[in-house]
Amino acid sequence: MAEMNKDSVAEILTQIATMLELKGENVFKIRAYQNAARAMETFSGNLAQVVGEGKLAEVPGIGKAIAEKVTELVVTGNLSYYNILKAEFPPGIFDMFGVMGMGPKKIAAVWEKLDITSVAELEAGCKDGRVAGLRGFGEKTATNILKAIEDRKKHAGRFRMGEIAGDAEQMLDDLRSLPDVTRVAACGSYRRCRETCGDLDFLVSTNSPESVSEFFVKHEMVESVIAHGATKSSVRWKSGIQADMRVVKDTEFAFALNYFTGSKEHNIVMRQRALARGWTLNEYRLGAADGGNAEIPTIREEADLYRALGLDFIEPELREDRGEFIAAEKHTLPRLVEVSNLRGTFHNHTTASDGRNTLREMADAAEELGLQYLGIADHSKSSVQAHGLDEARLLAQVAEIRAMNKQSSFRLFAGSEVDVLKDGSLDFSDEILAQLDYVVVSVHNAFSMSEAEMTKRIIRAMENKYVTMLGHLTGRLLLQRDAYAVDIPAVIEAAAATGTIIELNANPRRLDMDWRWWPLAKEKGVKCAINPDAHHTSQLQFLRFGVGTARKGWLERGDVVNCLPLGEIATVLTAKRG
DNA sequence: GCCGTTTTCGGCCCGACTGTTTTCAGTCG
């Protein structure tokens, strides 16, 4: 078995939980394994060290039994309990969890009664009537399973923010315009600004639930209706994403908004805090717990609820149970950066390389957005596929930018997105780089080198004193291409040591560096630049996705260099040159 | 299987919808 890190340990614990579900084990034992997996994922210490010291059971959520199993896993790379358990199941059976409506009980039933062990066999069993004949199943169930198998083929996976935000905002506007609607919100991962969403959750408060539900399921975006009840409806949109809507009374709105925003882990802590105060919290109200007689406070807004639970208001982006409760108790939550704080942005392309709009068009669009300055960073000569600029074309562009700056109060900065070559050297000489206002460096090729080599390559590039910032650190394309192997903490450390800014690439296909790493960067004193990587004037709007991601990373205005006004930004860009 | 400043035993978050039942199980979020 491969070397065990905390993610692979978490994966094995999750698989154990799934197998115990199929066996019909005690639900709390199953939950214990799920909790332990979650504890491993968020564990921030050195796993090998804690195992070596025998202190694993001190981690919350991990007790004696699971600590022993994890220790065996880390020490030997193997776990006999897991191996024995896994041998009991045909391998294809786990794929059936991916079919909507198929849970552990149904999967166990078709396996035991019909010897169905894969999605393909399940499909056949539904078509020939065997599934419908099972006790607890029926014609309707078989039909729904077949539909779910089709949906799974058609709509596999998740959706990037950039693909769904337009429709989501349209739906919000349309719901707000209805006469009987009081309050409207999008909840779930969309409100928390996750990089991808599996579905969309809408919440509406109204005294006329039927008409609002009717409107939702008959909207022109809808492709098919999955469920249509009095207070809860689910539809599939033409874009492929599932959209759910809950309808509540306005007095319930704050509770429902909080509940459906999540995350699930955040909600669990909220409920526990309510219980600790003699209340029970659900999506409709704060009530008296059994035997509790604590007075119930009046809650109208989410902030009232947090206050009642002894907390400062926690912004939705932070609700991932990654330390927000401790900070909210101690009044040390960050004041998160906002779109309106941005004064400019770097890393944008023009027709000189692979952009679709001219320098002038890009400048006008940025000014129209209310920005004070715009950095241009077209590709360098090694990016042949993107028509990268050679030295002569780059210097001509610099001259053009200087000339434009003389004619306008809007400021353009002349930069370049310089390729980091395989050995960590740069695509332009220092003499050329010295003539630019700033330099972005990015990796665009040789993605498959080892983690050690890639890390060395990137750090060498950052050590150049002309390099202002590091572009899209991991090269990932969400839902498309994984990040290349790179030691992110080491890169953050090098950024701190060299004074190099790290980009938060706001293109919704990238959102790179990932939000989970920004608290570490901030702790090390590394600054962030939120850049849209715009190849078209309309893509300057990607900044909003970047700000959402920065907020998830606990970043404040002072952490983001492009919040600085024009008078202060220029010196920051060349600070490394000394 | 985990947890504990009321507990080392007895709890563990909970409501809506669907379909199959004829009062509820399963799934989802």
Task: Donor-acceptor contact below 3.5 Å, side chain S8(A) vs main chain N5(A) - done: yes

Open item on the list: By the 4.0 Å heavy-atom rule, please label S234(A) as base, sugar-phosphate, or nothing.
Closed with: nothing

Task: Distance, rounded to the nearest Å, where N26(A) contributes CG and dG10(B) contributes C1' - done: 12 Å

Task: Contacts of type ring pair (Phe, Tyr, Trp, His ring centres under 6.0 Å), residue F255(A), not counting sequence neighbours - done: none

Open item on the list: I'd like to check the side-chain contact (heavy atoms from CB on, under 4.5 Å) partners of A550(A); sequence neighbours left out, ordered by chain and number.
Closed with: V337(A), L504(A), I530(A), L555(A)

Open item on the list: Taking any heavy-atom pair under 4.0 Å as a contact, classify A230(A): base, sugar-phosphate, or nothing.
Closed with: sugar-phosphate

Task: Short side-chain N/O contact to dA16(B) OP1/OP2 from Y284(A), under 4.0 Å - done: yes

TODO: Using a heavy-atom cut-off of under 4.0 Å over every strand shown, decide if I66(A) touches base, sugar-phosphate, or nothing.
DONE: sugar-phosphate

TODO: Take atom P in dG10(B) and the same atom in dT21(B), then report the distance between them in whole Å.
DONE: 37 Å

Open item on the list: Within the 4.5 Å heavy-atom criterion, are Y33(A) and I66(A) side-chain neighbours or not?
Closed with: yes

Task: Side chain of A227(A) - closest among dG1(B), dC17(B), dC14(B) - done: dC17(B)

Task: Spacing of the C1' atoms in dG26(B) and dT20(B) (rounded, Å) - done: 11 Å

Open item on the list: At under 4.0 Å between heavy atoms, how does the protein contact nucleotides 19-29 of chain B? Give one character per nucleotide, 5' to 3', with B, S or -.
Closed with: SSS----SSSB

- [ ] On DNA chain B, check which nucleotide each of K64(A) and H228(A) is closest to and give me the residue with the more 5' one.
- [x] K64(A)

Open item on the list: Rounding to an integer number of Å, can you tell me how far L281(A) CG sits from dG15(B) P?
Closed with: 11 Å

Open item on the list: In this structure, how many angstroms lie between the P atom of dC3(B) and the NZ atom of K29(A), rounded?
Closed with: 16 Å

Task: Interatomic distance, D167(A) atom CG to F159(A) atom CZ [nearest 0.5 angstrom] - done: 10.5 Å

Task: Between dT22(B) and dC28(B) - C1' atom distance, rounded Å - done: 24 Å

- [ ] With a 3.5 angstrom cut-off on both distances, give the Watson-Crick or G-U wobble partner of dT8(B), or none if there isn't one.
- [x] none

Open item on the list: Taking the P atom in each of dT8(B) and dG4(B), what is the distance between them to the nearest angstrom?
Closed with: 13 Å

Task: d(CG, L275(A); C1', dT6(B)) in whole Å - done: 15 Å

Task: Atom-to-atom span, NE2 of H266(A) to P of dC13(B) - whole angstrom - done: 16 Å

- [ ] State whether N35(A) places a side-chain N or O below 4.0 Å from either non-bridging phosphate oxygen (OP1 or OP2) of dC2(B).
- [x] no

TODO: Have a look at I30(A) and say if it touches a base, only the backbone sugar-phosphate, or nothing, with a 4.0 Å heavy-atom cut-off.
DONE: nothing

Contacts table for residues 84-103 of chain A: side-chain donor-acceptor under 3.5 angstrom, sequence neighbours left out:
| from | atom 1 | to | atom 2 | distance (Å) |
| --- | --- | --- | --- | --- |
| K86(A) | NZ | Q15(A) | OE1 | 3.4 |
| K86(A) | NZ | Y82(A) | OH | 3.2 |
| E88(A) | OE1 | K23(A) | NZ | 2.8 |
| E88(A) | OE2 | K23(A) | NZ | 3.2 |

Open item on the list: Using a 4.0 Å heavy-atom cut-off, does G61(A) contact any base of the nucleic acid, only the sugar-phosphate backbone, or nothing at all?
Closed with: sugar-phosphate

TODO: Could you tell me which residues satisfy ring pair (Phe, Tyr, Trp, His ring centres under 6.0 Å) with F313(A), sequence neighbours excluded, listed by chain and number?
DONE: Y306(A)

- [ ] Using the test ring pair (Phe, Tyr, Trp, His ring centres under 6.0 Å), find all partners of F325(A) that sit at least two apart in sequence or belong to another chain.
- [x] H266(A)

- [ ] Using the P atoms only, state how far dC13(B) lies from dC17(B), rounded to an integer number of Å.
- [x] 23 Å

TODO: Send over the distance from M270(A) CE to dC14(B) P, rounded to a whole Å.
DONE: 15 Å

Task: Spacing of I268(A) atom CD1 relative to dC3(B) atom P, expressed in whole Å - done: 14 Å

- [ ] Measure from CZ on F255(A) to C1' on dG15(B) and round the result to the nearest Å.
- [x] 15 Å

Task: Rounded C1' spacing from dT7(B) to dC12(B) in Å - done: 14 Å

Open item on the list: Classify the ring geometry of F215(A) against H219(A): parallel below 30°, tilted from 30° to 60°, perpendicular beyond 60°.
Closed with: perpendicular

